[in-house]
K.L.:
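One structure coming up, written as structure tokens, with questions to follow.
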Amino acid sequence: MTAALFAMALAGSAHAADLASAKSPEADASKPSCFDSFETYLKSTIRDCPLSYGPLTLYGTLDGGYGYEQWGTAMGVNADKPNYAIQRNSTRPMWLWSPNGLSTSTIGVRLAQKIFGDWELVGAAEAGFNPYTFRLVNGPQSLADNNFYRTAYQRTAFDSARAGQWDNGQGFVGISNPTYGTLTFGRTTLLSQSALGAYDPVASVAFSQIGFTALYATFGASPTSRINTAITYRLTYESFRIAFQAQVGGYEQGNAATAQYQGQVGFDYGKFTFDAIGGWAQNALTFASYGGATMPAGYDPNSIVRATVSNTGGLELLARYQWEKFRFFAGYIWSNTTNPTDTSYPGGLPTIASGIVVPPGSVTVNNFTVPRVLNTVWTGFRYAIQNNLDFSTGIYWETQNNFQPSTAAACTGSGTSTSATRCTGGRWSYSLLLNYRPVPRIDVYGGVLFSNIYGGVASGASHAENIAPTVGVRFRF
């Protein structure tokens, strides 16, 4: 459906493009072009010099870097990043190529076609990829790649909503009006996920705990960060804004939950900005590797993963204030995870990745008999040293309750020796980032993320801390 509407808009734009070029060829010829040279192109902004044909605009990001990890592991071929933050399979110090430090590398097409009056047909199709391998990011496949390997021998792998699709980032169409708002349908980023970057002091992948993982913004189930069949409505009136999002269909439509709903309200008051977002997901899926454990017979080991099913819900509160050259940020996310509504999956489950399934007997439905409650807070600031040079710093803290069932043994030990992952624990980190923009389309950056885990979150990990300095370059078009 998305591809068909894009094609219709492209075909219908030819006449409009001809009219535009016929109006004043002399004026067009006399205007300096940002494509006169590569230098003038780099000095132009994305808005002033888009790669457009009619209503379609090609856009993208390439982000590559190099870094060191106090405790890391080699990158998985289907993963989008190294272990910038400490993970269970972070086992050895290493220098490594480090892609997607500021943001995920993407390639996409954006649609904006006038229909009548102030009404416009809008849309986007976007894919995220690893700029070193040019593979589309595929979280479930990265987990399956580790099925044969125990923790100490694994490569990076992430439980992600990006699952190798051509539109693993987004793929939607809709209509928009400045008075009546924007209504879209298709693969869309969760409201709580899309809002987060504007309220993150060190908004990035490599230098932010809440940017490194979608666990927090999804209220506990990272694969739900993108809804494949979402109806999304957004409206801004003067300084107020509202939004609503609802999922249509379930697993069969490529979603990681059987139902999902979110709502958002926000406002601007002078230089103060605030947003509140609440959400709930039914039978949300998270995926995991077998990690060297015995796998079921009769299945391709490279095409299966394990799954945990749960109901998730939460609240996200976000604030930002600008004072002269400073921007101050603060946020809080409360999430609650319980056992799922549906508890019987005798035939296993599909995943969000084509060709990868969850076999019978590999579905966990009772992990949250005692609900897991995550409380995540952060704060920090960004300072504009110059118009093209920013310094950012932030501190992030996550805590989880003890959600061991009453029949389980009492929690013992500490750090990586904590007796169970469901014991009280958490993660905290702080980071520094310097971002220089020599020209509008290029970011040259360097920074460091210090991350630590403790209690149940650290249980079974090889190490409890990581220091990850990274430098890189990002190019946008």
K.L.:
Could you tell me whether the side chains of Ser105 and Asn100 share a donor-acceptor contact shorter than 3.5 Å?
P.N.:
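Note: Ser105 and Asn100 side chains meet the donor-acceptor criterion.
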K.L.:
Does Thr73 reach the side chain of Arg92, with side-chain heavy atoms less than 4.5 Å apart?
P.N.:
yes
K.L.:
Would you say Tyr153 has more than 12 foreign heavy atoms packed within less than 6.0 Å of its OH?
P.N.:
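12 or below, so no.
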K.L.:
Would you indicate whether Phe240, at its atom CZ, is surrounded by more than 12 heavy atoms from other residues, nucleotides or ligands within a distance under 6.0 Å?
P.N.:
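Open: at most 12 neighbouring heavy atoms sit under 6.0 Å from CZ of Phe240.
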K.L.:
State, to 0.1 Å, how close Thr151 and Ser462 come at their nearest heavy-atom pair, and which atoms those are.
P.N.:
CG2-OG, 4.4 Å
K.L.:
Please assess Asn83 against Glu69 for the test side chain to side chain donor-acceptor pair (under 3.5 Å), listing each intermediate value before the final yes or no.
P.N.:
CA-CA 8 Å; Asn83 286 347; Glu69 293 179 8; 5.4 Å; no
K.L.:
CZ of Arg150: more than 12 outside heavy atoms within 6.0 angstrom?
P.N.:
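Check fails, neighbour count at 12 or below.
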K.L.:
Sequence neighbours left out, what passes ring pair (Phe, Tyr, Trp, His ring centres under 6.0 Å) with Trp71? Give chain and number order.
P.N.:
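Ring pair (Phe, Tyr, Trp, His ring centres under 6.0 Å) check on Trp71 returns His463.
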K.L.:
Hey, could you give me each pair passing ring-ring contact (aromatic ring centres under 6.0 Å, His included) that has a residue in residues 210-236? Not counting sequence neighbours.
P.N.:
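Every pair satisfying ring-ring contact (aromatic ring centres under 6.0 Å, His included) with a residue in residues 210-236: Phe158-Phe212.
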K.L.:
Is a side-chain N or O of Asn78 found less than 3.5 angstrom from the main chain of Asn138, in a donor-acceptor match?
P.N.:
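Not confirmed, Asn78 side chain does not pair with Asn138 backbone.
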K.L.:
Does Leu183 reach the side chain of Ile231, with side-chain heavy atoms less than 4.5 Å apart?
P.N.:
yes
K.L.:
Report yes if the side chains of Met295 and Phe148 come closer than 4.5 Å at any heavy-atom pair, otherwise no.
P.N.:
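Side chain of Met295 against side chain of Phe148, heavy atoms only: contact under 4.5 Å found.
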K.L.:
Could you tell me whether the side chain of Arg187 and the main chain of Ala230 form a donor-acceptor pair under 3.5 Å?
P.N.:
no
K.L.:
Can you find a pair of side-chain heavy atoms, one from Tyr396 and one from Ile210, that are under 4.5 Å apart?
P.N.:
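Result yes, sub-4.5 Å side-chain heavy-atom pair found.
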K.L.:
For Arg155, which residues count as a side-chain contact (heavy atoms from CB on, under 4.5 Å) partner, sequence neighbours excluded?
P.N.:
Ala74, Asn146
K.L.:
Please lay out, stage by stage, how Thr106 and Glu126 fare under the test side chain to side chain donor-acceptor pair (under 3.5 Å).
P.N.:
CA-CA 7 Å; Thr106 59; Glu126 176 187 296; 4.7 Å; no
K.L.:
With salt bridge (Lys or Arg N to Asp or Glu O under 4.0 Å) as the rule and sequence neighbours excluded, what pairs involving residues 244-268 come up?
P.N.:
Arg241-Asp268
K.L.:
Using only atom types and a distance under 3.5 Å, with no angle test, would you say the side chain of Ser142 pairs donor to acceptor with the backbone of Gly76?
P.N.:
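No, because the side chain of Ser142 does not come within donor-acceptor range (under 3.5 Å) of the backbone of Gly76.
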K.L.:
Within the side chain of Ser459, is there an N or O that forms a donor-acceptor pair under 3.5 Å with the backbone of Thr418?
P.N.:
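Looks like yes, one N/O pair under 3.5 Å.
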K.L.:
Nearest 0.5 Å, please: how far is CD1 in Ile277 from CG in Leu317?
P.N.:
9.5 Å
K.L.:
Using the side-chain contact (heavy atoms from CB on, under 4.5 Å) criterion, which residues pair with Leu215? Sequence neighbours excluded.
P.N.:
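Leu215 satisfies side-chain contact (heavy atoms from CB on, under 4.5 Å) with Thr213, Ser222, Arg372, Leu374 once adjacent residues are dropped.
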K.L.:
Which class fits the ring pair Phe129 and Phe134: parallel under 30°, tilted 30 to 60°, perpendicular over 60°?
P.N.:
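It falls in the parallel class, under 30°.
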K.L.:
Whether the side chain of Asp167 engages the backbone of Gln170 through a donor-acceptor N/O pair (distance < 3.5 Å, no angle test) should be reported.
P.N.:
no
K.L.:
Go through the steps to decide whether Trp378 and Leu318 satisfy the test side-chain contact (heavy atoms from CB on, under 4.5 Å), and finish with yes or no.
P.N.:
CA-CA 10 Å; Trp378 68 92; Leu318 308 167; 3.5 Å; yes
K.L.:
Indicate yes or no for a side-chain donor-acceptor contact from Thr424 to the backbone of Asn402 under 3.5 Å, with no hydrogens or angles considered.
P.N.:
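Here the side-chain-to-backbone pair exists.
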K.L.:
Determine yes or no for a side-chain-to-main-chain donor-acceptor pair under 3.5 angstrom, with Arg110 supplying the side chain and Gly123 the backbone.
P.N.:
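Looks like no, no N/O pair under 3.5 Å.
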K.L.:
For Phe267, check ring pair (Phe, Tyr, Trp, His ring centres under 6.0 Å) against everything at least two apart and list the hits.
P.N.:
Phe274
K.L.:
side-chain hydrogen bond (donor to acceptor under 3.5 Å, both in side chains): which pairs involve residues 355-371, sequence neighbours left out?
P.N.:
Tyr290-Ser362, Asn339-Thr369
K.L.:
Mind running side-chain contact (heavy atoms from CB on, under 4.5 Å) on Asn130 and Asp80 for me, showing each step along the way?
P.N.:
CA-CA 5 Å; Asn130 182 325; Asp80 59 328; 5.9 Å; no
K.L.:
Looking at Ala127 and Gln165, what are the two nearest heavy atoms and their distance?
P.N.:
CB-O, 4.3 Å
K.L.:
Sequence neighbours excluded, which residues qualify as ring pair (Phe, Tyr, Trp, His ring centres under 6.0 Å) partners of Tyr454?
P.N.:
none
K.L.:
Any chance the rings of Tyr430 and Phe450 have centres within less than 6.0 Å?
P.N.:
yes
K.L.:
Taking side chain as C-beta onward, heavy atoms only, is Val248 less than 4.5 Å from Gln253?
P.N.:
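Result no, sub-4.5 Å side-chain heavy-atom pair not found.
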K.L.:
Answer yes or no: is there a donor N or O on one side and an acceptor on the other, between the side chain of Ser204 and the main chain of Val202, under 3.5 Å?
P.N.:
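Present.
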K.L.:
Under 6.0 Å from the six-membered ring centre of Tyr199 and within 45° of its axis: does the NZ or CZ of Arg320 meet both?
P.N.:
yes
K.L.:
If you apply the rule side chain to side chain donor-acceptor pair (under 3.5 Å), what do you find for Ser176 with Thr182, and how did you get there?
P.N.:
CA-CA 4 Å; Ser176 182; Thr182 301; 2.7 Å; yes
K.L.:
Should Thr104 and Arg162 count as side-chain neighbours, where that means a heavy-atom distance under 4.5 Å?
P.N.:
yes
K.L.:
Check whether more than 12 heavy atoms from other residues, nucleotides or ligands sit under 6.0 Å from atom CH2 of Trp97, and answer yes or no.
P.N.:
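No, because the 6.0 Å sphere around CH2 of Trp97 holds 12 heavy atoms or fewer from other groups.
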K.L.:
Which is it for Glu398 and Val457 under the side-chain contact (heavy atoms from CB on, under 4.5 Å) test, yes or no, and what are the steps along the way?
P.N.:
CA-CA 10 Å; Glu398 162 219 325; Val457 177; 3.8 Å; yes
K.L.:
When you measure from the side chain of Gln260 to the backbone N and O of Gln262, does any donor-acceptor pair fall under 3.5 Å?
P.N.:
no
K.L.:
Evaluate the criterion side-chain contact (heavy atoms from CB on, under 4.5 Å) for residue pair Thr351 and Leu349; output intermediate values, then yes/no.
P.N.:
CA-CA 7 Å; Thr351 71; Leu349 281 169; over 6 Å; no
K.L.:
Can a donor-acceptor pair be found between the side chains of Glu316 and Ser192 at a distance below 3.5 Å?
P.N.:
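No pair is found: no donor N or O on one side chain lies under 3.5 Å from an acceptor on the other.
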K.L.:
Using the side-chain hydrogen bond (donor to acceptor under 3.5 Å, both in side chains) rule, pick out the option among Asn89, Asp145, Asn147 that qualifies with Ser289.
P.N.:
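Of all the options given, the one that passes is Asn147.
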K.L.:
Applying side-chain contact (heavy atoms from CB on, under 4.5 Å), name anything that partners Thr341, two or more places apart in sequence or on another chain.
P.N.:
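By the side-chain contact (heavy atoms from CB on, under 4.5 Å) rule, Thr341 matches Gln282, Asn283, Asn311.
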K.L.:
Which pairs with one or both residues in residues 461-477 pass salt bridge (Lys or Arg N to Asp or Glu O under 4.0 Å), sequence neighbours excluded?
P.N.:
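The answer is Asp443-Arg474, Asp443-Arg476.
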K.L.:
Which pair of non-hydrogen atoms, one from Gly186 and one from Thr188, has the smallest distance, and what is that distance?
P.N.:
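Smallest heavy-atom distance, with atoms named: O-OG1, 3.1 Å.
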K.L.:
If the condition is ring pair (Phe, Tyr, Trp, His ring centres under 6.0 Å), which residues does Tyr149 pass it with, not counting sequence neighbours?
P.N.:
none
K.L.:
Within a reach of under 6.0 Å around OH of Tyr261, are more than 12 heavy atoms found that belong to other residues, nucleotides or ligands?
P.N.:
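Check fails, neighbour count at 12 or below.
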K.L.:
Side chains of Ile352 and Pro223, heavy atoms from C-beta outward: is any pair under 4.5 Å?
P.N.:
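Heavy-atom side-chain distance check passes, below 4.5 Å.
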K.L.:
Is it the case that the side chain of Ser431 and the backbone of Phe207 share a donor-acceptor pair, with hydrogens and angles ignored and the cut-off at 3.5 Å?
P.N.:
yes
K.L.:
What pairs with Pro350 under side-chain contact (heavy atoms from CB on, under 4.5 Å), at least two apart in sequence or on another chain?
P.N.:
Tyr251
K.L.:
Under 4.5 Å between any side-chain heavy atoms of Pro82 and Met75, yes or no?
P.N.:
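Contact flag for Pro82/Met75 side chains = yes.
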